[in-house]
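Proteins get letters first, then strands, A, B, ... in listed order; numbering begins at 1 in each. All figures in this text were calculated on a predicted structure; none of them were measured in a lab.
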Amino acid sequence: MEASRRSWAPKRRDDRIIIHFDYDCFYAAVFEAENPALRSLPLAVQQKHIIVTCNYEARRRGLHKLQPINEAKKLCPDVVIVLGEDLTRFRNASRELYNFIRQFSWNNKAERLGFDEVFLDVTDVIRYNIELLNANDLANSFFCLSQNDPTLGFPYNAAELAGHASPASTACQVILNGIDPDSLLIRLHLGSHLARHLRTQLEEHKGYTATIGISTSKLLSKLVGNLNKPNGQTTLLPPYEAPEGGTGNATAFIDGHEIGKIPGVGCKIAQKLREHILQRPAEIDSGLVYGGTKEKVTVRDVRTHPTINLEMLDRLLGGPGSHRGTGVRVWQLIHAVDDTEVGQAKEVPSQISIEDSYIRLDTIEEVLKELRKLAKSLIKRVHLDLLEESDDDTGIPPVAEHSKGSTSLGLRRWIAHPKTLRLSTRPRPPLNPDGTRARSFNRISRSAPLPTFIFGLSESIDALTERLISEALLPMFRKLHPDRSGWDLSLVNVAVTNMADAAGDSKTATGRDISSMLRKQADVLKEWRVEDRPVPPDAPAEVFGKNTSMPASSRPDDERKGSEDMLVPSQDSRNGFEGAVWDLEDGAEEQVSALACEICGAIMPAFAMLAHQRFHELGD
DNA sequence: ACGAAATAG
DNA sequence: CGTTCTATTTCGT
């Protein structure tokens with residue numbers, strides 16, 4: 001009754017089992033996988049003047065992440081240093097491992113975080129296998145990995161946990177009174193065995209070790225995994241919630257963490273919370289002091305602080321610019337509650353970007369040179385990552401992405417369409433002469449529609465690069481930096497974003513849904529009409545800068561507008577439609593004597609192609 | 001749609 | 001603290 005200032009703790013729902021993977025020292029492991037002889041040597045991966053990561057052999061000698069090269073060499077003169085500024089190999093390895101792991105998922109909930117982490121929701125797999133258990137002989141269980149093939153799986157002892165536990169289990173006695181399929185303990189047991197299987201499979205088949213956490217949420221599985229690195233696994237044991245107001249294992253575990261270590265609580269939020277908990281002082285928090293006087297504010301400090309409640313958090317963290325619901329989110333996190341879903345597996349990223357950093361970059365000529373490098377590798381990447389052999393296999397996509405020599409000539413199609421081009425820079429702070437620090441390490445950016453010619457498959461990469469620079473990037477750069485000089489850039493980034501049809505699964509409808517796709521295809525063709533009504537030649541040419549060295553003859557045809565009511569697959573990206581059209585390229589082509597647009601893959605009769613191309617030239 | 005910010009590895 | 005090279009999501013406009 002008392003309007004207790006204390007809000008109720010958020011409700012737990014521990015009905016899922018989630019596995020978190022963290023590949024051990026990933027960048028170094030990629031080089032080791034390429035060249036196993038490196039495994040026994042101290043190995044460090046360099047970007048610019050720092051070690052971004054190193055293997056455990058190197059760590060034994062005092063090396064660590066984000067260490068200056070000089071320091072590392074001094075500490076360990078015989079360290080093998082490899083350059084890791086080009087991320088291609090890491091990206092490819094990451095995708096390969098991800099594709100491997102996600103095959104074990106039944107619900108397709110497999111979310112990548114950065115290059116070296118994956119969340120897997122295995123709730124359904126666990127549930128299925130609990131039903132298979134024989135309560136009288138748990139020690140001789142068989143974990144079934146497929147609902148279709150009962151022989152696919154591995155034997156295990158369901159009565160005991162695989163790997164480490166937290167809190168560390170003193171006695172490995174497990175009392176299973178019958179098999180309650182809702183028992184968190186038994187579900188975690190199965191989760192731990194699946195995790196161990198996944199780890200050994202990853203090592204045997206791919207040559208990578210991983211550290212794994214097993215729990216009921218992304219928050220808990222990720223944090224608990226950290227307890228046994230490398231090449232280990234840890235399960236957070238129940239009870240997550242104690243019966244009578246006591247502290248369950250979930251809260252007890254999360255309580256000990258420094259507030260900024262909680263995923264979702266970044267430096268800004270952590271700062272605000274620390275300031276509030278440590279009452280007044282603005283706090284020297286992690287400053288330039290290595291001495292050790294580090295004021296730690298733990299989750300427990302925040303959670304048990306007398307003034308902290310839900311409304312307080314909303315007020316404290318809900319300022320302008322902050323995400324709506326941050327207060328609730330943090331309130332849940334400090335109570336070890338995280339209901340966020342593991343994301344559905346995605347086949348295409350939602351953004352592709354390339355960047356480089358510079359010690360000095362202050363002339364247009366230099367910028368142009370760097371823009372050329374960046375644009376070229378971006379276009380290459382867009383082609384590599386977004387172009388797929390349309391020669392359909394109907395099988396599981398082979399993980400071997402590195403089948404060089406694409407034999408099927410011209411049989412490629414775009415699996416996604418970035419629509420926006422973005423140029424970002426990070427200007428070096430103006431550098432005040434009066435010895436004061438000028439602080440700004442922020443990026444500024446301009447974006448514009450991505451010219452569609454980059455999807456053309458006939459022009460050379462170099463030609464595309466030049467066009468992209470003169471028609472888009474240079475004008476954007478002038479918007480960012482109108483002055484000819486007076487700036488100095490420490491970073492330049494070029495990105496394509498806003499993938500049409502990327503986020504959803506344009507590829508989930510494979511195989512058996514053919515007849516409905518045929519029907520949709522027929523409907524589409526029936527309603528399809530092209531009006532060739534002319535449109536006034538008022539197309540603005542403002543994209544072109546005054547000084548572009550572009551010959552008028554190579555400018556795109558901007559004199560006429562295409563009609564708007566034509567078949568454009570990317571217009572309706574709600575499930576099924578585009579997949580239907582795209583997947584039918586081969587078959588439909590001959591029957592209707594239609595052509596496929598090389599830009600978007602849309603099928604259409606030859607007579608429509610000209611107008612359709614005009615449509616692309618004017619952008620969506 | 002655009003540009004910035006916050007968070008993550 | 002930031003150093004690198006990314007990537008995702010959300011906010012205000």
Side-chain angles (χ1 to χ4, degrees), chain A residues 20-23 25-27 45-53 64-72 83-91 94 111-119 218-219 222 260-272 283-290 294 317-326 329-330 333 340 343 346 348-359 374 377-378 381 385 419-426 437 439-450 476 479-480 490-499 502-503 619-620:
Chain A
H20 174 259
F21 296 76
D22 189 336
Y23 314 134
C25 43
F26 181 58
Y27 282 12
V45 181
Q46 171 182 196
Q47 280 175 353
K48 292 297 189 295
H49 63 284
I50 57 169
I51 301 293
V52 287
T53 195
H64 55 85
K65 290 178 171 178
L66 309 184
Q67 189 175 37
I69 290 279
N70 299 335
E71 205 177 307
L83 209 53
E85 288 169 18
D86 182 346
L87 304 188
T88 305
R89 48 159 53 79
F90 309 133
R91 190 158 39 231
S94 175
E111 181 181 349
R112 211 161 29 144
L113 183 57
F115 282 173
D116 71 337
E117 294 182 29
V118 176
F119 292 100
K218 295 207 284 183
L219 171 74
K222 175 171 169 133
K261 294 286 178 37
I262 302 302
V265 179
C267 53
K268 305 287 187 178
I269 291 175
Q271 186 95 346
K272 286 184 185 173
E283 285 339 297
I284 40 169
D285 47 340
S286 46
L288 305 160
V289 183
Y290 276 71
K294 222 176 177 180
L317 308 176
S322 60
H323 293 183
R324 214 168 3 99
T326 300
R329 171 84 172 128
V330 171
L333 290 175
T340 58
K346 287 200 299 191
V348 277
S350 42
Q351 173 184 320
I352 296 176
S353 76
I354 303 279
E355 71 187 32
D356 205 347
S357 55
Y358 308 94
I359 297 160
L374 293 171
S377 57
L378 181 66
R381 266 251 274 146
D385 292 4
K419 297 210 308 218
T420 304
L421 178 66
R422 186 181 60 217
L423 175 66
S424 314
T425 65
R426 186 177 60 192
R437 79 317 180 129
R439 52 154 279 113
S440 102
F441 85 108
N442 280 335
R443 287 140 101 114
I444 54 178
S445 69
R446 290 293 179 272
S447 43
L450 177 66
M476 289 162 76
K479 271 174 93 180
L480 267 179
S490 62
L491 178 141
V492 178
N493 175 297
V494 185
V496 291
T497 67
N498 195 4
M499 305 276 179
D620 294 8

A:L83 atom CG, over 12 foreign heavy atoms within 6.0 Å: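 Result for CG/A:L83: enclosed.
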Heavy-atom neighbours of A:K65 NZ exceed 12 at 6.0 Å: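 No, NZ of A:K65 has 12 or fewer neighbouring heavy atoms, counting only those of other groups under 6.0 Å.
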Side-chain N,O (A:N442) to OP1/OP2 (B:dA5) below 4.0 Å: yes
Phosphate contact (C:dT4 OP1 or OP2) by A:R426 side-chain N/O below 4.0 Å: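 Checking A:R426 against C:dT4: at least one side-chain N or O falls below 4.0 Å of OP1 or OP2.
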[options]: which one has an atom nearest the side-chain heavy atoms of [X]?
X: A:S353; options: C:dA7, B:dG3, C:dT4; result: C:dA7
X: A:R381; options: C:dT3, C:dT6, B:dG3; result: C:dT6
X: A:D356; options: C:dC5, B:dG3, C:dT6; result: C:dC5
X: A:S447; options: C:dA7, B:dG3, B:dA1; result: B:dG3
X: A:S445; options: B:dC2, B:dA4, C:dC5; result: B:dA4

May I ask you to decide if [Y]'s main-chain N or O and [X]'s side chain share a donor-acceptor pair within less than 3.5 Å?
X: A:E355; Y: A:N493; value: no
X: A:S490; Y: A:R426; value: yes
X: A:Q46; Y: A:V52; value: no

Grab the [atom1]-[atom2] distance between [X] and [N] for me, whole Å please.
X: A:L450; N: B:dC2; atom1: CG; atom2: P; answer: 11 Å
X: A:L491; N: C:dT4; atom1: CG; atom2: P; answer: 8 Å
X: A:K48; N: C:dT6; atom1: NZ; atom2: C1'; answer: 13 Å
X: A:L421; N: B:dA1; atom1: CG; atom2: P; answer: 15 Å
X: A:L66; N: C:dT3; atom1: CG; atom2: P; answer: 11 Å
X: A:R89; N: C:dC5; atom1: CZ; atom2: P; answer: 15 Å
X: A:F90; N: C:dT4; atom1: CZ; atom2: P; answer: 16 Å

Residues forming a side chain to side chain donor-acceptor pair (under 3.5 Å) with A:R89, sequence neighbours excluded: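 Expected list: A:E34.
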Validation row: A:I69, A:I50 side chains within 4.5 angstrom (heavy atoms): no
Sub-4.5 Å side-chain heavy-atom contact between A:L378 and A:V496: yes
Spacing of the P atoms in B:dG3 and C:dT4 (rounded, Å): 25 Å
N/O contacts under 3.5 Å, protein versus nucleotides 7-9 of chain B?
residue	atom	partner	partner atom	Å
B:dT7	OP2	A:K268	N	3.2
B:dA8	OP1	A:I262	O	3.3
B:dA8	OP1	A:G264	N	2.5
B:dA8	OP1	A:V265	N	3.4
B:dG9	OP1	A:K222	NZ	2.5
B:dG9	O3'	A:D116	OD1	2.2
B:dG9	O3'	A:D116	OD2	3.2

Listing time: all N or O pairs from protein to nucleotides 8-11 of chain C that are below 3.5 Å?
residue	atom	partner	partner atom	Å
C:dT8	OP1	A:S350	N	3.3
C:dT8	OP1	A:S350	OG	3.3
C:dT8	OP2	A:S350	N	3.4
C:dT8	OP2	A:S350	OG	3.0
C:dT8	OP2	A:Q351	N	3.1
C:dC11	OP1	A:R324	N	2.7

Donor + acceptor pair across side chains of A:S94, A:R112 (<3.5 Å):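 Yes, because at least one side-chain N or O of A:S94 sits under 3.5 Å from a partner of the opposite role on A:R112.
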